[in-house]
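The next block holds one structure in the form of structure tokens; read it before the comments.
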Amino acid sequence: MAHKSQSRSQNQNHAAALKAVHIDKNILAPPSESPKINLDSSDHSFLDISANCPKTLCIGTVIPDCGELSEKWLSLQLKFLKSTTSTGFHHVTFLQKGTPSQFFLQNTEVIQNSISKNFHNSGAHAVGLRNILEYFKKHSDEYENFLFLDMDAFPIRKQWHECLCDKLSKGYEIATILRCENLEQRLHSSVIFLDKRALEYLDWDVREVGKDLLGVTEADVQIANYQQERRNKAFVMLRSNQYQIHPLLCAVYYDLFYHHGNGCGKDNKMKASLYWSHVISQEWDSSKTSEHLFSHPTSFIGKLAGWYKEEYAQV
Amino acid sequence: MARKSRPLKATRNMPRTHKNILEELKKRQTERKSISQPEIDTQIAVVKDQTKKQKEDIQPPKPLCVGTIFPGVSEFNQRWLDLQLKYLRASTSVDFHHVTFLQQGQASEFFKNNTEIIRSKGPAARNSAAHVKGLEGLKNYFIKNADLYKHFLFIDMDAFPIHKDWYANLCDKLKTKWEIATLLRPENLEQRLHSSVLFCDKRALPRLSWGLRKVGDDLIGKSESDVQILEYQNARRKQAYVMLRSNQHQIHPLLCGVYYDLFYHHGCGSGRNFNMRSKPYWKHVVAQNVDVRKTIDELMKNPNDFIHELAGWNNKNYAQV
């Protein structure tokens, strides 16, 4: 009973959980060398500049259907992409099932494949990623960089594109997420940024990756060549939340990207749920946090990311 | 001339033995011969038992032995020891013994009164080599006293448990396949298990040893070399339970870390310059020139509030000091 009561209390107080913190933040001075773009966040004219720029970036997202939840995620992703991306970009969606709605048709290029209906969960995700890869390869002469994004992930910081281009100029071929907090050793495809060099190496399969951080077998979608052979060509972005409302969900990576986790609304238990059972209730309701995110995205992200509020997108 | 006037031989008086004294000596000799050998052994055994009993009265067997390495006994180090002991007392549900491996200097009264001091022979080492020497010194102490304790905790001077259930939680882990519980710091791009906190039982002690060598590549493909727990880094990696960073609130991505909601580890607690390996990785997030002393002062000023803010998840479960 006490456990349930604690869980209920946590769920009812998500907003309150984003409490004020009292430690003197001035004890650590901000980095003087922090890169900044000279853009006033209240001035949305940069959206037009971005729109008129030659499109150097192509972004692909896998979305399960055109339901209301998926539409909310796509809308939020596009808002953050427009607010944070200093270069022109094209957005493409791999739709796993259903007929594209007006909102989808007007805001993204929809691609579909009848084969994907035969796959579920991780297998369906791998098929979606492969289809987007094929699209990227087909249009590789039109863009300089490519970004794979999960439906519930998006960039939050204005200089994300410059920052990752800088990494690719230093020998890395891809930049992606590593979720150590979920005990994972595998590179996670919720965010993959790359240039043309990597297109030929990329592939996905669902198989045993090896052992996780606790020595237990880890099997899921993996980026085939970059998990082992080309591992040192992969720059990983680690969790960087200044504030956390859950040790696994609602994550900020490398202060550049947000990834909600369980964004599709299914009550999937993540791999490390039990590991963190003494920290957070197993009955934690993630749908409440997505509602909070949709209604107050700027303050929600600003609080979680936390390090430099003026650098985060205002949407 | 002078020779003639003196006698060639000195004349001595005959020794005079008192008759009563002779009789007394003879009597004592007879008594000694009459006492049988087994009775003597029994007497010695009784004395030994009494000594053991007296020792037990002073130091009853304790479930846990905690070992820390200190570079010296400065006032700064004394503050760390004081804080660590306060948190150990407030958060540990069982009785424990505390031992300090002192790298150099004479033990101060505070150290003498609050911890058992051990040292190593030979010249003092420096930096990581000194850390290896300290860890080996503590391990040897633990092995020597293995029968007195159930569990052993290696802990850096700037680390301490914060959660009241830490001991029960980790004992549960060791009941299964895991032989040690230790820190892993991916936030510092590390693949190596980190000995700033290392909890184990007797099984693991003979297998523990440390070396300063290449671990492999770190998380961004750069060579990683530092102190590693040799056997558990590879061969017995599956027997090592790792505790990951769990801060609910962060003031720095590398310093002031809470691990698995059970332990606090400050990082650079000796007051050395901030030079951790992933410093450039986080340069767009925090300043490169962090004043570690300021963060230590902040912690020392009000440890309860500081830890509660950082750990954050379950304030009622954190120790109050």
Side-chain angles (χ1 to χ4, degrees), chain A residues 6 10 17 19 21-35 157 159 163 167 171-172 178-183 185 211-216 230-247 254-256 272 275-276 278-280 305-308 311, chain B residues 163 165 169 173 177-178 184-189 191 217-222 236-253 255-256 260-262 278 281-291 294-295 297-298 301-302 305-306 308-314 317:
Chain A
Q6 186 189 355
Q10 279 174 338
K19 59 181 181 174
V21 290
H22 306 296
I23 292 174
D24 178 9
K25 289 175 183 169
N26 294 323
I27 62 174
L28 297 173
S32 55
E33 66 272 38
S34 172
R157 189 156 162 165
Q159 279 202 311
C163 183
K167 302 300 176 216
Y172 295 106
L178 183 64
R179 306 195 305 182
C180 302
E181 70 277 12
N182 199 30
L183 302 170
Q185 299 261 29
K211 302 296 178 195
D212 72 7
L213 296 179
L214 289 183
V216 178
R230 306 184 78 76
R231 179 62 184 79
N232 62 0
K233 300 287 181 189
F235 183 84
V236 296
M237 295 184 276
L238 300 171
R239 195 174 175 105
S240 65
N241 293 52
Q242 191 183 53
Y243 185 74
Q244 312 221 58
I245 54 175
H246 193 283
Y254 202 47
D255 208 36
L256 301 184
Y275 177 86
W276 295 111
H278 65 302
V279 167
I280 197 97
W307 301 104
Y308 289 102
E311 293 292 312
Chain B
H163 197 292
D165 286 338
N169 189 313
K173 303 294 183 281
K177 67 167 186 171
W178 288 293
L184 184 66
R185 308 193 304 179
E187 69 274 13
N188 197 30
L189 301 172
Q191 300 263 25
D217 286 345
D218 72 7
L219 295 181
I220 55 169
K222 310 285 184 198
R236 302 187 77 78
R237 179 62 183 78
K238 280 190 279 186
Q239 278 77 38
Y241 189 85
V242 296
M243 295 184 275
L244 298 171
R245 195 172 177 102
S246 65
N247 293 51
Q248 188 176 53
H249 179 230
Q250 311 236 43
I251 56 172
H252 193 280
L255 302 170
C256 308
Y260 200 45
D261 208 36
L262 301 184
S278 67
Y281 177 87
W282 295 108
K283 71 179 179 187
H284 65 302
V285 169
V286 281
Q288 294 285 280
N289 52 341
V290 177
D291 187 347
K294 272 189 182 174
T295 59
D297 289 344
E298 191 79 10
K301 198 169 68 186
N302 191 343
D305 285 356
F306 192 86
H308 281 203
E309 289 288 355
L310 294 184
W313 300 105
N314 302 294
N317 291 330

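Quick note on labels: first sequence line is chain A, next is B, and so on, each numbered from 1. Remember, it's a predicted structure, so these values are computed and weren't measured experimentally.
Side-chain contact between A/L238 and B/S278 is absent, with no heavy-atom pair separated by less than 4.5 Å. The shortest distance between side-chain heavy atoms of A/H278 and B/L262 falls below 4.5 Å. B/H284 is not listed as a side-chain neighbour of A/Q159, based on a closest heavy-atom distance of 4.5 Å or more.
Separating the SG atom in A/C163 from the NZ atom in B/K283 is a distance of 8.5 Å, to the nearest 0.5 Å. To the nearest 0.5 angstrom, A/I245 atom CD1 is 8.0 Å from B/W313 atom CH2. How far CD1 of B/I220 is from NZ of A/K233: 13.0 Å, rounded to the nearest 0.5 Å.
Of the two parts of A/E181, only the backbone, made up of N, CA, C and O, holds a non-hydrogen atom closer than 4.5 Å to a non-hydrogen atom of chain B. The part of B/L184 that comes within reach of chain A is its side chain, from C-beta onward, which places non-hydrogen atoms under 4.5 angstrom from that chain. Of the two parts of A/H246, only the backbone, made up of N, CA, C and O, holds a non-hydrogen atom closer than 4.5 Å to a non-hydrogen atom of chain B. Contacts between B/Q239 and chain A at a heavy-atom distance below 4.5 Å are absent for every atom of the residue. Using a 4.5 Å cut-off between heavy atoms, B/N169 touches chain A through its side chain atoms alone. For chain B, the nearby part of A/Y172 is the side chain; its heavy atoms alone come within less than 4.5 Å.
Distance alone, capped at 3.5 Å, places no donor-acceptor pair between the A/R239 side chain and the B/E187 backbone. No donor-acceptor pair closer than 3.5 Å links the side chain of B/Q250 to the backbone N or O of A/S240. A donor-acceptor contact shorter than 3.5 Å links the side chain of A/Y254 to the backbone of B/Y281.
Nearest heavy-atom pair across A/Y275 and B/M243 is OH-CA, 3.3 Å. The heavy-atom pair separating B/V286 from A/W307 by the smallest distance is CG1-CZ3, 3.8 Å. For A/Y243 against B/H249, the heavy-atom pair with the smallest separation is CD1-CB, 4.3 Å. Across all non-hydrogen atoms, the minimal contact from A/L214 to B/V242 is CD2-N, 3.7 Å.
If you tally non-hydrogen atom pairs under 4.5 Å between each of B/Q191, B/H163, B/K238, B/K222 and chain A, the highest count goes to B/K238.
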